[in-house]
Amino acid sequence: GAVVSQHPSWVICKSGTSVKIECRSLDFQATTMFWYRQFPKQSLMLMATSNEGSKATYEQGVEKDKFLINHASLTLSTLTVTSAHPEDSSFYICSAREGIGNTGELFFGEGSRLTVL
Amino acid sequence: QKEVEQNSGPLSVPEGAIASLNCTYSDRGSQSFFWYRQYSGKSPELIMSIYSNGDKEDGRFTAQLNKASQYVSLLIRDSQPSDSATYLCAVPLMDTGRRALTFGSGTRLQVQP
């Protein structure tokens with residue numbers, strides 16, 4: 001099956017700094033990738049849809065200036081958490097779907113656990 | 001009303017028993033349904049997908065879909081301790097052409113040795 005790779009798998013940073021997380025589709029091209037966030041004992045919440053070559057679409061309540069998304073190529077999307085604060089500590093997971101349409105399997109990266117001190 | 005609803009559990013079953021996980025969804029137009037398994041600290045992995053009414057079997061797993069009742073379930077036969085995880089039900093977001101999945105809160109399954 002398709003593979004989505006995410007890096008780094010975990011990161012610890014100081015409050016006020018910025019952190020970049022990369023998401024790559026290794027064996028397929030993904031014009032769209034999705035970024036989710038998961039707090040402990042909660043489900044995955046969609047943060048934004050990353051569109052290759054255009055602006056990301058953010059879900060209601062997600063600050064686009066805080067969570068910067070760049071999708072510069074068909075295989076790479078990045079999420080930058082700017083001026084991170086302890087409440088941003090979470091498990092961030094990217095995903096992508098091979099092919100077009102919205103009925104196929106969604107493949108997930110390994111996730112990136114962010115801890116902001 | 002949430003788009004996808006699941007009982008959070010935990011659902012505890014003895015080893016070798018059948019585990020039954022249930023999910024209801026609100027969008028009657030949903031056409032595809034997915035069950036993901038998530039181990040603690042890991043990202044979700046796809047267990048089953050189902051698109052038509054009825055049953056779909058894959059090894060020890062059976063997905064059941066009833067579109068009229070807006071209900072989808074996952075049965076795990078001969079449950080093993082390694083099946084202990086959180087099971088997430090997901091359906092595609094239908095509005096504005098978004099192609100992401102929306103997830104239920106998940107049901108935590110505990111298989112007792």
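Lettering of chains follows the sequences in order, A, B, ..., and the numbering in each one begins at 1.
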side-chain contact (heavy atoms from CB on, under 4.5 Å) between A:L106 and B:Y36, intermediate numbers included: CA-CA 10 Å; A:L106 201 61; B:Y36 284 82; 3.4 Å; yes

Nearest 0.5 Å, please: how far is [atom2] in [Y] from [atom1] in [X]?
X: B:F103; Y: A:Q42; atom1: CZ; atom2: CD; answer: 15.0 Å
X: B:L46; Y: A:F108; atom1: CG; atom2: CZ; answer: 9.0 Å
X: B:T102; Y: A:Y36; atom1: OG1; atom2: OH; answer: 7.0 Å
X: B:S105; Y: A:M45; atom1: OG; atom2: CE; answer: 10.5 Å

Under 3.5 Å, which donor-acceptor pairs do the side chains of residues 82-90 of chain B form with other protein atoms, sequence neighbours left out?
unit_1 : atom_1 : unit_2 : atom_2 : d
B:D83  : OD1    : B:R60  : NH2    : 2.9
B:D83  : OD2    : B:R60  : NH1    : 2.9
B:D83  : OD2    : B:R60  : NH2    : 3.3
B:D83  : OD2    : B:Q80  : N      : 2.8
B:S84  : OG     : B:P81  : O      : 2.9
B:S84  : OG     : B:V111 : N      : 2.9
B:Y87  : OH     : B:D83  : O      : 2.6

Under 3.5 Å donor-acceptor, A:S43 side chain and B:G106 backbone: no

Heavy-atom closest contact (B:S43 atom, A:G109 atom, distance): OG-O, 2.7 Å

Over all atoms of both residues, closest heavy-atom pair of A:F91 and B:K42: CE2-O, 3.6 Å

Min side-chain heavy-atom separation A:Q38-B:Q38 under 4.5 Å: yes

A:L44 versus chain B, the contacting section by heavy-atom distance below 4.5 Å: both

Exercise answer: donor-acceptor pairs, residues 73-81 of chain A side-chain atoms, under 3.5 Å, sequence neighbours excluded:
unit_1 : atom_1 : unit_2 : atom_2 : d
A:S73  : OG     : A:T75  : N      : 3.3
A:S73  : OG     : A:L76  : N      : 3.2
A:S77  : OG     : A:W35  : NE1    : 3.0
A:S77  : OG     : A:S50  : OG     : 2.9

